[in-house]
Amino acid sequence: MTEALHAVSTAQRPLRVRIAPSPTGDPHVGTAYIALFNYVFARKQGGTFILRIEDTDQERYTAGSEAAIFEALRWLGLRWDEGPDVGGPCGPYRQSERLAIYKEHVELLLARGGAYRCFCTRERLEKLHAEQTASKSSHLGYDGHCRDLSVADQTALLVAETPFVVRLRVPRDGVTRFVDHLRPEPIEFENRLVDDQVLQKSDGYPTYHLANVVDDHLMGITHVIRGEEWITSTPKHVLLYQAFGWEPPAWHHLGLLRNADKTKLSKRKNPVSIFHYRELGYMPETLLNFMANLGFSMGADVERFTVEQMIEAFEWSKVSVGGPVFDPAKLEAFNGADIRAMSIDALYDRLQERVLAPARIKALLAQAQERVHRLDDFIPYLSFFFGGSLDYAPVLDKIKAPAGKSNAEAAQLLDDYAQEIERDNQARSFTAPALEAFSRDFCQRHAVKPKELFMLLRLGVSGRTASPALFDTMALCGKDRCRTRLRDLSGLLRQRG
RNA sequence: GGCCCUGUUGUCUAGCGGUUAGGACGUUGGCCUCUCACGCCGAAAGCCCGGGUUCGAUUCCCGGCAGGGUCACCA
């Protein structure tokens, strides 16, 4: 049985893999991690590496984050062969441009009986969920209310323009089994525990599950290499392939990157933006090497290697699957070693690329010009625009919670501030005017005097009581540097109790 | 809670029935040295637990336990 299942894999089709990020927020290191393994595997096998943008959620979509994904992956050197920007034979590579395709496939499924229309209201579903939770029902999920509506009933509802979603008709019994090529045993799910997943939302957009399967098939994806978080929805995907009569890809679920406390790597507990590492001066090849070691082992006690060397040596048997803790200290050590290994000329060139990029330096000089008396003062004056965490010792006594607030509340205020910036479409871009508008509004909402919050922000970001205009300072420091420092400051406040 | 995945020092890992259980980060002692850093030498620290199978289990099997993931008209 096991043998037979393993043998099914992807016969003789040309090897094609993909990374399919969704454009929400900053590009995540987890995306880079998964991209790396897809990329390396494709290169090793002479296959094709595809970038597909999964932008089917209009609510969470954020402008500019697609471009940010391109930028981040390019910075890392993970070049894709097909994608929204470079095109390719299976385009478009942006799901929002493939809506007609999904519609068509939903119709196909409906016609075949593999899916059905569900007219249940959100209220009913919420009530259902509440009841299931309250009764401690062992399995939550749709109750199949609309599963067998008569044609007449459906027509009536359709004529009345009742909103509906389309759900996958999951078999009531039996099991769905698939092989994960990273694990020794096939993975099995009882069908009765698999929910009738929504495939098409009431706004006509596909959900991830539908779009992903349709695209993977249409784009000829032979190997799906993704995070372990997807294992539980894989039976739905397998069932979808079956409903369409398609051959599923070979599944590979990699362990999830973790915080120090072993939970799934999160923004709350760790810097997760690829840009954070770029801005703070980690080198792309070092970051890649560090991440490679999280799930891949070269063997022979070698852990410093290039992507080329990884490609050379790559085999799935060298990939481990326990969720690794992303340890910034080790990354730091790798990066330091790599800096030491460079020639002075190479180092100098590296610095020009970003840290000392002329445009950046000029922008900084513009801030320092009127505040400095000697040329030699520029560098010390601008020092806090560089580096990560600051030493707050010299200004410790100046760091105070706003009037009427405890230290803990002030810390919380800073955390909220950092968090809410991400949710603000303007402030997220981190320009001075947007930051100012956001910050003033923030003060209003949280009942703090701007003066007090702004001083706290200034101290956090610059480590000084005096600096160039706060919002220019923040914009020039960059989001990632500000975020770490504000996090540091909030930690410091919290520590005081 | 149901289901699923995972389980070697604090962390990332090597190991694939017999090893003084190897390497790296971190921690730590020392050497080098005007200081720091680097570099070098050394140390502490691990096979989740309990049953099997076996002459012998970290390794194979079973059962626990622990951690994680997932249970959306988000991906």
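All chains are named by letter (A, B, ...) in the order of the sequence lines, taking the proteins before the strands, and each is independently numbered beginning at 1.
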Do we get [X] above [Y]'s six-membered ring, with its NZ or CZ under 6.0 Å from the centre and within 45° of the axis?
| X | Y | value |
| --- | --- | --- |
| R464(A) | Y381(A) | yes |
| R167(A) | Y142(A) | yes |
| R117(A) | F164(A) | yes |

Atom CD of E97(A): over 12 foreign heavy atoms under 6.0 Å: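 Yes - once you tally the heavy atoms of other residues, nucleotides and ligands closer than 6.0 Å, there are more than 12.
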Take atom [atom1] in [N] and the same atom in [M], then report the distance between them in whole Å.
| N | M | atom1 | value |
| --- | --- | --- | --- |
| rC38(B) | rA24(B) | P | 15 Å |
| rG22(B) | rA14(B) | C1' | 6 Å |
| rC62(B) | rG69(B) | P | 26 Å |
| rG15(B) | rC48(B) | P | 16 Å |
| rG52(B) | rG46(B) | P | 26 Å |
| rC49(B) | rG7(B) | P | 15 Å |
| rC12(B) | rC47(B) | P | 16 Å |
| rA44(B) | rU28(B) | C1' | 7 Å |

Specify the separation, in whole Å, of atom [atom1] of [X] and atom [atom2] of [N].
| X | N | atom1 | atom2 | value |
| --- | --- | --- | --- | --- |
| R258(A) | rG7(B) | CZ | C1' | 10 Å |
| H129(A) | rC71(B) | NE2 | P | 10 Å |
| N289(A) | rU13(B) | CG | C1' | 13 Å |
| D180(A) | rC3(B) | CG | P | 20 Å |
| R226(A) | rC5(B) | CZ | P | 15 Å |

Using ring-ring contact (aromatic ring centres under 6.0 Å, His included) as the criterion, point out the one residue from H237(A), H105(A), H217(A) that pairs with F244(A).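 Running ring-ring contact (aromatic ring centres under 6.0 Å, His included) over H237(A), H105(A), H217(A) with F244(A) returns exactly one hit, H105(A).
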For RNA chain B, whose closest nucleotide is more 5', that of V302(A) or that of V325(A)? V325(A)
F189(A) near the nucleic acid: base, sugar-phosphate alone, or nothing, with a heavy-atom cut-off under 4.0 Å? sugar-phosphate
What is the nucleic acid contact for E303(A), judged by heavy atoms within less than 4.0 Å: base, sugar-phosphate only, or nothing? base
For [N], give its Watson-Crick or G-U wobble partner with both distances under 3.5 Å, or none.
| N | value |
| --- | --- |
| rU58(B) | none |
| rC65(B) | rG7(B) |
| rG26(B) | none |
| rU70(B) | rG2(B) |

Strictly below 4.0 Å: does [X] bring a side-chain N or O up to OP1 or OP2 of [N]?
| X | N | result |
| --- | --- | --- |
| T24(A) | rA75(B) | no |
| R340(A) | rG39(B) | yes |
| K201(A) | rC74(B) | yes |
| T234(A) | rC4(B) | no |
| K330(A) | rU13(B) | no |

I'd like to know if S202(A) reaches the base of rC73(B) with its side chain such that a donor and an acceptor end up less than 3.5 angstrom apart. yes
Which nucleotide, [options], lies nearest any side-chain atom of [X]?
| X | options | answer |
| --- | --- | --- |
| D57(A) | rC74(B), rC25(B), rC5(B) | rC74(B) |
| S297(A) | rG68(B), rA14(B), rC5(B) | rA14(B) |
| H209(A) | rC12(B), rA75(B), rG69(B) | rA75(B) |
| K262(A) | rU6(B), rC12(B), rC3(B) | rC12(B) |

For residues F290(A) and Y282(A), establish whether the separation of their ring centroids is below 6.0 Å. no
Are Y208(A) and W230(A), when compared by the centres of their aromatic rings, separated by less than 6.0 Å? yes
